Protein chains: 2
Amino acid sequence: MSPNIKIIAEKAGVSTATVSRVINNFPGVREKTRKKVLKIISELNYEVDGIARSLRQKKTFKIGVIVENILSQFYSILAKSIEDVAHKYGYNVILCNADDDPEKELNYLKVLKTSRVDGIIIAPTGKNADYINSLLQSNIKIVLVDRLIEGVECDAILVDNEKGSYNAVKYLIDNGYRKIALINGFTDRTTGKERLNGYIRALKENNIPINNDFIKIRDFKKRSGIILTEELLKNKEKPEAIFAANLDLTLGALLSIKNFGLKIPDDIAVIGFDDTDWEQILEPPLTVVRQPIYDLGSSSAEMLIKNIEEDNKFKKDNLIITLNTKLIERNSVKKLSTISGQINNN
Amino acid sequence: MSPNIKIIAEKAGVSTATVSRVINNFPGVREKTRKKVLKIISELNYEVDGIARSLRQKKTFKIGVIVENILSQFYSILAKSIEDVAHKYGYNVILCNADDDPEKELNYLKVLKTSRVDGIIIAPTGKNADYINSLLQSNIKIVLVDRLIEGVECDAILVDNEKGSYNAVKYLIDNGYRKIALINGFTDRTTGKERLNGYIRALKENNIPINNDFIKIRDFKKRSGIILTEELLKNKEKPEAIFAANLDLTLGALLSIKNFGLKIPDDIAVIGFDDTDWEQILEPPLTVVRQPIYDLGSSSAEMLIKNIEEDNKFKKDNLIITLNTKLIERNSVKKLSTISGQINNN
DNA sequence: ATGAAAGCGCTAACAT
DNA sequence: ATGTTAGCGCTTTCAT
């Protein structure tokens, strides 16, 4: 159907090598010849077959991106920022939603390998260390984003979750809160673990005993936010504040609090993780830990493409960059005197 | 680096043809031979080179998806639903954000052509009819989603925007509203045009004169929602209700209304387009026109893959499917007596 | 049941 | 400045 380089060569009365030189803007073609070839190319609407080119050059200009679920705003921002950078450098993105499922993740890794992508950016489940190491060995460039994998040494770009979490809890403490609950994802993910650690450090540094009834852990999904918050609100001892460790958990917490007919911040204070447009128009606007998601994605893409283009096979030391979060103060936390805290006790 | 079929063949003492038969589960290989080959494959961690296979078979198992911007929830749901279906059939998705920019769209179409994708799903700007027709002619399967293109005959899956819009405005009228404003995207997009048409039909059928001061048009972005709503609220004659024709416009409208210190629905009623988790936890929860976005995407992917796999070159009549919206009643519209409507006049 | 060999469309080394 | 040709890794037709 579509013409190929051979057809163009024939019609232009030159060899395929010359056509190739023209296509690729290589030097060593007389201007007249170049013009002639370009004319035929345009007449026949010739377009390069990228598959043949990739086979020959061992380069696809594709990068694979594996995220948990693009429906979550965190990942859609990540995907967009990666795609922006990729596009800038002439790469395309193959998008994979692994649903936080190690098997699906492995499957996608294999597909990407077979697709001969030039590199992979992955927010990993943490479970496929062996296969990822084998990819690394076969010289596929990989950048981990947001989470690390035990047993894998490779470039990564992370967020300082521990400090972000610490700052949020510290802020609550500074505002007079003592009974602070955490709803969090599983701690076998580095994000979950670090956010828990920050919570604990803030309490310990302020001599507030850790109350296990206030630490609720399940997956990082909205449904868990609903369930865990319900549990907290049904507790004999109710928390004065809830810190929700990601966007979906925050959403779930807000849903539950609304169902219980509680007012924020008078009945309960809330700090969320991640910031979106919606959180500002909530009533009250939500105080949140903002992650630099766009930077996370764009940096990972820059890093990956740099790796790909340098193709430094002897690069030994891997680069791990950690970005900072920022606490955005809005109105879901009020100043609480320690005394009112005591009165609230039941 | 990675072993190829030739290496496997040598080590197994067979020909490459036999290895290929094994890889592809073709019949006509003795069980003993198959076992031997599989053993070598597994020992050497051989994985098929999809690029070479694609070149030979003229099939990539890739589909291109061009959306406006994955950051918008509408498109992230669309992308996810497409990816889900694609994955089910063994296809991968190459994701492209064209930013509603015809040039970027054209560029991506060319990239996808060069990448030899098996098909393309596109929410089109409407501007690249010629190139899209040329793709169709070179037998690349295409499905349009959400919008049509003038001068292109091809499968499409749409939403009944006119009726969705009509229903929203009719609902406002039934609740006693007369001064109903529309903030809408440009009407050179079919979505924009149809949503305007539904608005107009609802007013006309109820003998409410069209007031051009109440019809505000700009692009479909949040910033436009803010600006257009500001304009409306600064009008000498203020609307009693605002119907925002997509999610980002709704978000912008809410932001503006909040800035003006107005209460919904007492000071002004609002109906949004598109439904997300957030709209339920707003105060008040928002009444919206819900589009079946997931179905839109999954149907388009099913349609595309069916086209690809049938490869019916003589398929003449294109299929256009239109899905219905649903009005989700929540609390951002109150019952208004006609009299109070008059009093509000200034 | 298995192998030999052509060829998908391109690039790149080498020759002229 | 241009051409010849090998070959990327696979599938597939035709032999045997």
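Basis for what follows: all heavy atoms, side chains included, without hydrogens, waters or symmetry-related copies. Since this is a predicted model, take the numbers as computed values, not measurements. Numbers restart at 1 for each chain; the letters A, B, ... are given by sequence-line order, proteins then strands.
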Lys/Arg N to Asp/Glu carboxylate O, B:K59 vs B:D118, below 4.0 Å = yes
Remember a base hit wins even if backbone is also touched, and classify B:T18 as base, sugar-phosphate or nothing at under 4.0 Å, heavy atoms.
-> sugar-phosphate
Side chain to side chain contact (heavy atoms under 4.5 Å, CB included) with B:L296: of B:I321, B:L158, B:L78, only one passes, and it is B:L78
Please give, in whole Å, the distance from D:dC10 P to B:I7 CD1?
-> 10 Å
Taking only N and O in the side chain of A:R56, is any of them less than 4.0 Å away from OP1 or OP2 of C:dA12?
-> no
Could you tell me whether B:D84 and B:K88 make a salt bridge, using a distance below 4.0 angstrom between a side-chain N and a carboxylate O?
-> no
May I have the distance from B:K36 (atom NZ) to C:dA1 (atom C1'), rounded to whole angstrom?
-> 12 Å
Rounded to whole Å, NZ of B:K6 lies from C1' of D:dT11 at a distance of 16 Å
Under 4.0 angstrom, heavy atoms only, what part of the nucleic acid is A:S54 near: base, sugar-phosphate, or nothing?
-> nothing
Ignoring backbone atoms, test whether A:S20 places a side-chain nitrogen or oxygen under 4.0 Å from the OP1 or OP2 oxygen of C:dT11.
-> yes
Sorted by position of nearest nucleotide on DNA chain C, 5' first, the leading residue of B:E31 and B:A52 is B:E31
Starting at CZ of A:R30 and ending at C1' of D:dT2, how long is that distance when rounded to a whole Å?
-> 9 Å
Answer with base, sugar-phosphate or nothing: what part of the nucleic acid does A:G50 contact at a heavy-atom distance below 4.0 Å?
-> nothing
Between P of C:dT11 and CD1 of A:I51, the distance in whole Å | 13 Å
Taking OP1 and OP2 of C:dT11, is either one under 4.0 Å from a side-chain nitrogen or oxygen of A:N24?
-> yes
Position toward the 5' end of DNA chain C (nearest nucleotide), B:V14 or A:A17 = B:V14
Quick one: does B:N133's side chain have a donor or acceptor within less than 3.5 Å of a partner on B:G151's backbone?
-> yes
State whether B:S15 places a side-chain N or O below 4.0 Å from either non-bridging phosphate oxygen (OP1 or OP2) of C:dT2.
-> no
A:I5 has an atom CD1; how far is it from atom C1' of C:dA12, in whole Å?
-> 12 Å
Between B:R53 and D:dT11, is there a side-chain N or O to OP1/OP2 distance below 4.0 Å?
-> yes
Tell me: NZ of B:K58 to C1' of D:dT12, nearest whole Å?
-> 14 Å
Taking the side chain of A:T16 as heavy atoms from C-beta outward, which of D:dC10, C:dT11, C:dA5 is closest to it?
-> C:dT11
Consider the side chain of B:V29, meaning its heavy atoms from C-beta on, and name the nucleotide among C:dC10, D:dT2, C:dT2 that approaches it most closely.
-> C:dT2
Please state how far atom CZ in B:F26 lies from atom C1' in D:dT13, giving the value in whole angstrom units.
-> 13 Å
Has the side chain of A:R21 got a donor or acceptor atom sitting under 3.5 Å from an opposite partner on the base of D:dG3?
-> yes
SB check B:K6 B:E10 (cutoff 4.0 Å) = no
With distance as the sole test, does B:S134 use its side chain to make a donor-acceptor pair with the main-chain N or O of B:Y131 at under 3.5 Å?
-> yes
Respond yes when some side-chain nitrogen or oxygen of A:T33 is under 4.0 Å from OP1 or OP2 of D:dT2, and no when none is.
-> yes
